[in-house]
Structures are given as C-alpha cells and as structure tokens.
*Asks:* 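Encoded as structure tokens, here's the structure I'll be asking about.
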2 protein chains.
Amino acid sequence: MQARRPTIDDVARHSGVGRTTVSRVLNDGPNVRPEVRDRVWASVRSLNYSVNPQARSLASGSSGLIALVFASDFDAQPNSFYASALELGALRECLVQGRHLLTHHVPQHSPDWKRQVLELIRTQRCQGVVLTPPFSDDPDLVKAATAQCAVALISPSPSTRGLADGVGVDDEAGGYDVARHLLGLGHRNLAYITGLESHLSAARRLEGLRRAVKSQGLDPASVRVLGGDFTFRSGVEHTRRLLGERSPPTAIICANDDTAAGALSVAHGLHLSVPDELSITGFDDTPMSEIVWPPLTTVHQPLKDMAGAAVSAIARRLAGEEDGPRFETLPHRVIARESSGPPGAP
Amino acid sequence: MQARRPTIDDVARHSGVGRTTVSRVLNDGPNVRPEVRDRVWASVRSLNYSVNPQARSLASGSSGLIALVFASDFDAQPNSFYASALELGALRECLVQGRHLLTHHVPQHSPDWKRQVLELIRTQRCQGVVLTPPFSDDPDLVKAATAQCAVALISPSPSTRGLADGVGVDDEAGGYDVARHLLGLGHRNLAYITGLESHLSAARRLEGLRRAVKSQGLDPASVRVLGGDFTFRSGVEHTRRLLGERSPPTAIICANDDTAAGALSVAHGLHLSVPDELSITGFDDTPMSEIVWPPLTTVHQPLKDMAGAAVSAIARRLAGEEDGPRFETLPHRVIARESSGPPGAP
DNA sequence: TGCGATGCTGGAAGCGCTTCCATAACAATG
DNA sequence: CATTGTTATGGAAGCGCTTCCAGCATCGCA
C-alpha cells in the first residue's frame with residue numbers, strides 16, 4: 001500500500017549516530033547528550049518515523065499485551081454497559097502505560113473455558129490478564145494464570161484475593177448500604193435477586209443485606225433470596241414469582257442494574273406503581289439505571305477506575321514493584337433515584 | 001515467570017526436520033509429505049509449542065492487526081450496546097480470520113481526531129481499519145486511511161461508499177418502513193429526532209420517512225425534525241420541546257434506541273401513556289429496546305453481522321481478492337413492540 | 001534409457017528492533 | 001602525570017519467525 005517505511009537505521013544514518021543511540025533516545029534511556037537527543041528526535045520527525053511495535057516486542061522479549069477477559073457468549077448480548085465501562089477504563093490505562101489491550105469474550109458455558117483463557121494468554125504471549133467476574137472468583141484459573149503472567153482481578157471474592165492483585169468495591173458494605181436505605185424508608189419485607197452462584201461478590205452483597213436486616217432487629221431469614229444470573233430475563237422471571245406470592249415484598253434488591261430493569265418491567269406490566277407499591281434497586285450504576293423508568297436507585301461502582309487500577313497493578317507487578325497480592329478497595333455509594341421510596345405510599 | 005518457551009527450532013530438532021519444513025506445516029503450506037506433517041504436529045503437541053505472534057509478524061512483514069475505531073470520549077458513556085455489538089461481531093470474525101482486533105475510542109470532539117485515527121493505523125502497523133459512524137462518513141479520513149491500509153466502513157453514506165468497502169442496512173428503506181408502520185396505525189402527525197448531523201445515515205432515514213409520508217398523500221414538510229445527537233439526553237430534550245408545542249406529534253421517530261429511551265422517559269415523567277397517547281420508535285434494535293417500558297418498536301440492524309462482514313471484507317481485500325469498493329447491504333426489519341400503537345386510543 | 005518437469009526439503013538471509021559489551025572520551029582523584 | 005571512575009557511543013549478536021533459493025529425489029514421457 002505504500003513505500004518502505006523508515007527503520008531505526010534510517011534514523012541513525014539521518015542523524016549521524018549509531019543505531020544503539022537512537023534506540024536509547026526512543027526509549028528515554030540514559031547516557032545521551034541532550035544535543036544528540038534533540039538531533040535524533042528531529043530526524044524522527046523529519047522522516048516521520050515510528051517504532052515498529054512487532055520488532056520491538058520480539059527484540060525486547062515482551063509483547064506488551066494485556067488481556068481483558070469477559071465471560072460471555074459471542075451470541076448472547078453481554079452485559080454491555082458493565083463490559084464497556086471496564087474496557088474503556090482498561091483501554092485508557094493501557095494507553096498511559098504504553099501497553100496494548102486484547103479484549104476477549106469467553107463463552108462461560110463452554111466446557112473448556114478455563115483452557116480457552118489460558119490458551120489466549122499462552123498463544124498471544126500476554127504479559128498480564130485482567131479477569132472479570134465470575135472468572136475472577138475461580139481459584140484454579142487464577143492460580144494457573146498466575147503461573148503464566150501477571151494477573152489482576154476485578155471484584156474477586158475472598159477465595160481468590162490472596163492469589164493475585166485485585167480491585168473492587170466493598171460488596172458487603174454495598175449490600176448493607178442499599179438495605180439500610182430501604183429499611184430507612186420503612187421497608188420490612190425485602191427480597192434479593194442474586195447474581196450467578198459462581199459470582200461470589202453478589203453473594204457478599206447478600207451478606208451485607210442480611211447484616212443490615214439484623215441490625216434493624218429483624219430476622220435475616222425473612223429476606224427472600226432468589227437465584228438469578230445477572231440478566232434482564234432473570235429479573236423478569238424472579239420478580240414475577242415474587243409478586244405472585246401471598247405477601248409479596250415491598251422492595252426488591254437486585255444484584256445488578258440489568259436484573260433491576262427486568263424487575264421494573266414486570267412491575268410496569270402489572271401496572272404496579274414504582275416506588276409507591278414496589279421499590280426496586282440495582283447495583284453498578286451503569287447508564288441503564290438512568291435510562292429506565294423510573295430511574296433506578298442503585299449502588300455506584302467506579303467501573304472504569306477499577307479496570308484502570310487493574311491494568312496499573314499489572315504494570316507495577318511487571319515492573320517488579322510489588323510484593324504480595326494486594327487488594328485495592330474503591331469507594332462505592334448508594335445513588336438514590338426514583339425507583340425506591342416509602343412502602344405502601346398512596 | 002517460566003522457563004524458556006520452545007521455538008520453532010526446538011520443534012524442528014524434535015521432529016528431525018528443517019526449520020523451513022516446520023514453518024510450512026504450521027502455515028499449511030504445500031509440498032510436505034503427510035507423514036512428515038504428522039510428525040511435526042506431534043512434536044508441536046508434545047513440546048506444547050505455539051507460534052510467537054510477534055516474531056511471525058516481524059518476519060512476515062504483516063501485523064495481522066485490524067483496528068475498530070469508535071467515535072466516543074473515554075469519559076462519556078459510549079453508545080454501549082451499539083459499540084459492544086459491533087465489537088463482538090468484529091472479534092468473532094477476527095478469530096476466524098486469524099487476525100487481531102485493536103479497539104480504539106477516539107474523542108470525536110477533539111480537534112485532531114483524524115490525525116489520531118491515522119496515527120493509530122500508522123504506529124500500530126494496522127493492516128485494516130473498520131470505521132464506524134460518523135467517521136465512516138468523512139471522505140477525507142476515508143481517503144487518507146485507504147492510502148495506509150484496507151478500510152471497511154460501517155453504514156457509510158453515499159459520499160464515502162465509492163471510497164472503500166462498506167456494510168450497512170438500507171437506511172432510507174428503514175426510515176420508510178417505520179414511517180409506514182406508524183402511518184398504517186393511523187398517525188398523521190410525526191416528528192423525527194435525528195442523530196448527529198455528521199452521521200449521514202440518520203439523515204437517510206429521514207429521507208425514507210419523508211418518502212413514506214409523501215406516499216400517503218401528506219406534506220413531507222409537515223414532519224417536524226429536531227437535531228439530536230444519538231444520546232439519551234437529546235431524546236429527553238427534544239421530546240420535551242415537542243410535547244410543549246401547540247399540536248404535539250402523536251408519534252416520535254428517533255434515530256436510535258438511546259434517543260427513543262430518552263423520549264420514553266419524558267413521556268413517563270408527564271404521565272403520558274405510551275403508546276395510547278404517544279407512539280415512540282427507535283432504531284438499531286439494541287437490547288435497550290427490550291429493557292425499557294414499554295418495549296420499543298424499532299428497526300433491527302444486524303450489527304454483529306455488519307461488523308463481521310466488515311472484517312471479512314478487509315480480509316478479502318488483503319488477500320487481493322477484491323477489485324472496486326463494494327457496498328454490502330444487510331437486511332433490516334421493523335420490530336413492532338409495544339411503544340407504538342394507534343393514535344388517540346383510550 | 002535419458003532428461004526436463006515436478007515435489008519435497010533445508011540452509012541462510014533477513015524482518016527491525018533491544019541489549020550486551022567493548023571502546024573512546026573525559027573528569028576526578030592521588 | 002598516571003590511574004581510576006564515569007559518561008557517551010556504536011558494533012554485533014541475537015529475538016523467533018518467514019521466505020528465497022538451491023539442491024536432490026522422483027516422475028512422466030519420448
């Protein structure tokens with residue numbers, strides 16, 4: 001498509017220095033006189049030179065690649081807002097770190113998903129991998145990945161926190177906080193639609209919820225818990241079931257915004273007024289929570305920052321600046337919107 | 001992190017053949033006896049060898065990289081469902097083609113966005129680039145990109161169709177079809193909230209809309225048109241304005257699902273019943289259209305397939321199998337859901 | 001039986017970089 | 001002024017592949 005591109009040797013010749021010196025300049029290395037440095041940069045500009053990343057990777061023995069792995073089928077719609085937010089955050093930090101991001105979606109229901117993740121790392125020579133839930137909760141996978149490259153986990157459960165660096169919010173506290181919010185509004189009859197069983201951070205939210213209920217002097221066992229899977233559909237199904245019960249809950253806490261949107265949709269279908277007849281809350285504060293009607297009360301998670309922090313943890317580790325696995329807790333907060341209100345209001 | 005990985009020479013030694021032969025086997029080249037081929041594959045497996053992609057790129061002089069470029073700020077929420085669907089489709093096809101995808105988000109409001117896109121292609125040695133709207137509508141950018149690598153456009157307007165391969169639906173027909181749907185329900189007072197001005201395919205939808213209106217014997221000029229920008233927010237603002245008019249439209253056609261969600265949200269806020277008092281339609285059929293209440297009538301676009309087709313067009317072109325720029329039209333269809341109905345119904 | 005055509009194979013030369021190491025220039029020390 | 005460091009610099013050896021090309025069997029056909 002075009003003429004031969006200039007190489008480092010062209011730059012060296014053009015600026016009258018050795019190839020090694022050019023390399024030093026390009027990599028901000030030491031021991032180059034300022035005037036030489038300037039001369040080299042001038043040649044780079046005048047030749048419109050840019051380093052060949054492939055050659056650099058080969059020579060330096062490091063690919064610069066960081067994989068971001070999602071558990072989602074190619075054919076199903078992934079939890080787009082969640083995934084996009086993480087991807088954007090990771091992308092931005094990779095730019096800063098001069099690394100490349102390799103986004104990958106692994107069908108979580110395929111029998112060999114672990115192998116697929118590990119193969120990706122192996123064949124692409126990834127130097128780091130960011131695992132998202134529920135992959136970040138799987139000790140086997142995390143251990144195997146750690147043997148191959150630097151690993152950072154998004155919202156890992158306690159079972160994997162000791163195995164690799166991680167970032168996330170305090171899920172238990174998040175669950176506690178939404179529950180307190182609802183209890184404070186006067187709700188006494190709560191239900192929780194969980195995420196996938198394998199996704200332990202959704203389970204931690206439940207623990208927090210129970211703690212809040214107990215702190216109110218209520219029986220934690222009175223909270224109905226239904227096993228969802230983070231999808232809109234599971235919100236629909238479980239909400240239908242809940243509202244068909246003899247004494248339906250006055251508030252449904254959902255493990256994420258998608259599920260809450262499903263719950264909301266059922267309420268609309270039954271002509272229930274939200275929040276007057278039913279309060280519904282989500283989790284994550286994805287844009288979806290402002291798109292549905294009424295806007296969702298939810299727990300904000302700084303997803304982009306989390307992904308960025310994961311990438312920079314990997315970068316630090318590759319630079320040898322870390323010792324033991326470290327978990328970084330980012331702040332969450334309850335965002336009260338219109339989907340929650342006092343129970344039994346007119 | 002681990003011992004030296006086996007190289008092609010290790011495989012050659014292990015299977016007792018020359019390095020060249022191994023390379024031939026790995027690349028499915030001709031002129032290798034079946035028994036030798038088997039022997040080499042056996043060695044590959046037993047050594048757990050995998051090609052070093054960096055070395056391969058350098059030696060073959062081709063990076064295998066295809067860039068997927070979106071116009072969106074890192075800090076703003078992109079149109080996630082739209083972007084995710086395209087990314088997934090591109091990702092899958094890249095897997096098939098043995099290429100790598102480089103997703104990139106360029107702030108469309110930065111002054112040098114064109115340069116940014118071209119720099120990405122240049123510095124990363126991309127062999128192909130998939131441009132999404134509104135980048136796919138910019139003749140300058142498309143021309144410049146074509147000079148550097150293979151280009152495929154998502155939903156290009158007529159102004160860029162001749163410049164590079166493209167895929168998309170027939171936007172004009174899509175606009176025509178939703179409009180016919182609404183006219184068929186009895187609506188006579190329509191409004192259209194467009195996408196960004198720079199996004200010409202949204203303008204084509206308007207042309208179709210006008211054609212439908214005219215075919216009904218109405219004055220195309222009677223259709224109110226407001227200049228949105230594809231965001232939820234613009235749906236909110238313009239719908240507020242429209243509903244504040246003396247004779248508000250009975251149906252609002254939005255340039256995409258996000259905008260329609262915004263319109264829906266205003267209707268809810270005003271306690272307007274949708275579709276009885278106001279019909280609202282979207283475009284794209286992203287999952288969002290099933291998440292909002294009531295579910296959106298919208299025009300389905302096969303986004304994943306479009307992205308896949310774009311990648312494979314690039315692959316064909318790189319293989320030298322193409323001649324002139326070709327535009328591939330994929331089928332669209334109106335998905336009638338509950339957000340549209342006869343006007344003025346009880 | 002002879003001889004060009006064809007099939008199979010491997011040696012060797014790169015691809016464009018980083019990095020080890022030797023060398024040169026110069027400053028600092030006794 | 002000789003000696004030891006320190007700072008700059010470039011030569012050369014790879015990194016792990018692909019690919020050109022030469023070499024040798026083998027084959028078909030006259």
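Chain letters run A, B, ... following the sequence lines, proteins first and then strands; every chain starts at 1.
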*Asks:* Would one find a side-chain N or O of Ser23(B) under 4.0 angstrom from OP1 or OP2 of dT18(D)?
*Replies:*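 Checking dT18(D) against Ser23(B), a side-chain N or O does come within under 4.0 Å of OP1 or OP2.
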*Asks:* Does OP1 or OP2 of dT18(C) have a side-chain N or O of Arg56(A) closer than 4.0 Å?
*Replies:* yes
*Asks:* For Arg19(B) and dG16(D), is the shortest distance between a side-chain N/O and OP1 or OP2 below 4.0 Å?
*Replies:* no
*Asks:* Picking from Asp137(B), Leu68(B), Val69(B), Ile154(B), what satisfies side-chain contact (heavy atoms from CB on, under 4.5 Å) with Leu131(B)?
*Replies:* Val69(B)
*Asks:* Is there a side-chain contact between Thr21(B) and the phosphate of dT9(C), meaning an N or O under 4.0 Å from OP1 or OP2?
*Replies:*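 For Thr21(B), the contact criterion (side-chain N or O under 4.0 Å from OP1 or OP2 of dT9(C)) is not met.
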*Asks:* Give the rounded distance in Å between these two atoms: CD1 of Ile8(A) and C1' of dG11(D).
*Replies:* 14 Å
*Asks:* Are Phe81(A) and Phe81(B) an aromatic pair by the rule of ring centers under 6.0 Å?
*Replies:* yes
*Asks:* Rounded to the nearest angstrom, tell me the gap between atom CG in Leu47(A) and atom P in dG16(C).
*Replies:*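 It works out to 14 Å between those atoms.
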*Asks:* Nearest to the side chain of Asn52(A), heavy atoms from C-beta on, is which of dT9(D), dC17(D), dG16(C)?
*Replies:* dG16(C)
*Asks:* With respect to the side chain of Leu58(B), which nucleotide from dG16(D), dG10(C), dC17(C) is positioned closest?
*Replies:* dG16(D)
*Asks:* What about Thr20(A): does its side chain form a donor-acceptor pair under 3.5 Å with the base of dT18(C)?
*Replies:*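 No.
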*Asks:* Contact class for Asp9(B) vs. all strands (heavy atom < 4.0 Å): base, sugar-phosphate, or nothing?
*Replies:* nothing
*Asks:* Going by distance alone, is a donor N or O of one side chain under 3.5 Å from an acceptor N or O of the other, for Ser50(A) and Arg125(B)?
*Replies:*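 Side-chain D/A pair, Ser50(A) to Arg125(B): present.
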*Asks:* Could you grab the distance from atom CG of Asp138(B) to atom OG1 of Thr160(B), nearest 0.5 Å is fine?
*Replies:* 8.5 Å
*Asks:* How close or far is atom C1' of dG7(C) from atom CZ of Arg37(B), stated in whole angstroms?
*Replies:* 13 Å
*Asks:* Roughly how many Å is it from CZ in Arg39(B) to C1' in dC8(C), rounded to a whole number?
*Replies:*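 So the two atoms are 13 Å apart, to the nearest Å.
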*Asks:* Of Thr7(A), Leu26(A), Val22(A), which meets side-chain contact (heavy atoms from CB on, under 4.5 Å) against Val51(A)?
*Replies:* Leu26(A)
*Asks:* Just to confirm, is there a sub-4.0 Å distance from OP1 or OP2 of dT7(D) to any side-chain nitrogen or oxygen of Asn31(A)?
*Replies:* no
*Asks:* Pick the nucleotide of DNA chain C nearest each of Gln54(A) and Val17(B); which residue has the one closer to the 5' end?
*Replies:* Val17(B)
*Asks:* Closest-nucleotide mapping onto DNA chain D: is Val36(A) or Leu26(B) further toward the 5' terminus? I mean the 5' end.
*Replies:*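 The 5'-side residue here is Val36(A).
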*Asks:* At less than 3.5 Å, do the side-chain atoms of Arg24(A) and the base atoms of dG10(D) form a donor-acceptor pair?
*Replies:* yes
